[in-house]
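Note that these values count all heavy atoms, side chains included, but never hydrogens, waters or copies made by symmetry. Note that the structure is predicted; figures quoted are calculated from it, not measured.
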Amino acid sequence: MKVEQIAIFLENKSGRLSEITGVLADNNINIRSLSLADTADFGILRLIVDKVEKAERVLKEGGFTVGKTNVIAVEVPDRVGGLASVLKVLEKAQLNVEYMYAFVNKSGENAVMIFRFEETDEAIKILQDAGITILSGAQICAL
Amino acid sequence: MAIHYWEEEIETLPRIGLQSIQLRRLQHLVTRVYKTVKPYRDKMEEKGVRPEDIKSLDDLGKLPFTVKDDLRDNYPFGLFTVPLDEVVRVHASSGTTGKPTVVGYTEKDIDLWASVMARALACAGAHKGDMVHNAYGYGLFTGGLGAHYGVEKMGATVIPVSGGNTKRQITIMRDFGSTVLLSTPSYALNLADAMDEMQVDPTKLSLRVGIFGAEPWSENMREEVERKLNLKAVDIYGLSEVMGPGVAMECLHTTKGMHVFEDHFLPEIIDPESGEVLPPGEKGELVFTTLTKEAFPIIRYRTKDISRLIYETCECGRTLVRMEKVTGRSDDMLIIRGVNVFPSQVEHVLMGIEGVEPHYQIVVEREGNLDTMLVQVEVSGAVFSDEIRVLENLGKRIEAEIKDMLGVTCKVKLVEPRTIQRSEGKAQRVIDKRKI
Ligand SMILES: [Zn+2]
């Protein structure tokens, strides 16, 4: 139920982002979702791609510092208060969200959010127990 | 552990006896150099000192220093004290900045060099029967040939493999059963990487001890080399202006300093700014006078290496003074807000943090009247995280540890890998943008 995410270290220099997307395009790797977090000095680019192993390899070969982490793709009702209802479940279970971002495509009527937790397995269990749908890597790549 | 000596009597001589030998040799040297080499005589006359003024070892401080530029100014053979037909070998520095420096050896010098190198090998526990893998470069550089003749003198087997062709080296190491490795510490790490690639298990090799020198290296690097190559790593010191490898050598009983073969190479520690001789035990620039060399003796040569002399007796029984691992170069010393800072200290901090690689660059600037120090550190895969917080904490931790070690506040900036040039060739570790 986990989704593999690629993270890349970026100095805040112009052109690096397009270099990364260029490398991936050259290798026929499709970016399904992308989020950039940054500070004054550096940034971390997080990607969900269709070919994780290959993306990791070609980026490393391109001289980037690359890491792979597990995240969770959660279906969120696409209505007012939809996200709040999910967050409420997490809050009640005292689960800390490290970060989250929206997935581009929808899953049927629902939006999809990517969540990063310290305790991934525990988070999956709690969300599922609360009746929230979690999507696999294959599922979200098919959206 | 049985202790191996090469020349036990002199290596364990009570210091008083050693000092009388040193004084006699020094007086003889100064007289000879004064008579035969004009540049030395001119400098001594300028300072108003004559050979007969050297009455005790303390009088050494009266003599003028010799610096690298003196060698360049007298290029190529101007400081030789014997006719060229007595010189059986020359070596030269690469001369990346300006003219190369040239040194020469008589037959007796070569023999002396082999003896001190054999002493160094014995310090590392090497003996007849060892298979010595000599990966120092052979050629104008003193490393390869200097070590080579010491191994032969000792009666061990030398494999003159020289530098480069790393995979072949590993095959040789495995097939010949190399027991002792001689190389630069960074090349030892290259060997470890290549072994990993070739899936050669270092615990299946016969390597027992590695003798590493010709570049500065830290305690953390020692730990890394020992772990990755499954051997004991010891430090050797030497420089071509003084002799080549075999000037000082760590024994197996301590990691606190290398025994200086001071019956031949007389060390001093001076303040790099004032040139004053510092009291025993203080840290400063290392200065050497060769006591017995014939073709190219040198008086009070400023090595630019920062070290300390340790006079406490060593467990191995050698009475020879120890020089602490070189911790920096007086050239590299930065004065930041009045504090002496060596780039090697920053490296030491970085190597001490799990996963951080010592790829860094220090940028010093002046804002108003205040010096600022920025340390750029490459982010390796081992410390990278997808979480901003984790990387920010890493930066803060490095800042705190540098402040702890150096007493200077700095800012750490995490940068992408390979932003900073690697140590093959000369990595620019410091950019000083201050206009002083
Ligand atoms: Zn010792």
Of the backbone (N, CA, C, O) and the side chain (C-beta and beyond), which part of [X] lies under 4.5 Å from a heavy atom of chain B, both, or neither?
X        : answer
Phe9(A)  : both
Ile6(A)  : neither
Thr69(A) : side chain

More than 12 heavy atoms of other residues, nucleotides or ligands under 6.0 Å from [atom1] of [X]: is that the case?
X         : atom1 : value
Lys167(B) : NZ    : no
Lys125(A) : NZ    : no
Glu91(A)  : CD    : no

Under a 4.5 Å cutoff for heavy-atom pairs, which residue among Thr65(A), Asp38(A), Asp41(A) has the most contacts with chain B?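 It is Thr65(A).
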Assess the pair Phe115(A) and Phe117(A): is the distance between their ring centroids shorter than 6.0 Å?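 For Phe115(A) and Phe117(A), the ring centres are under 6.0 Å apart.
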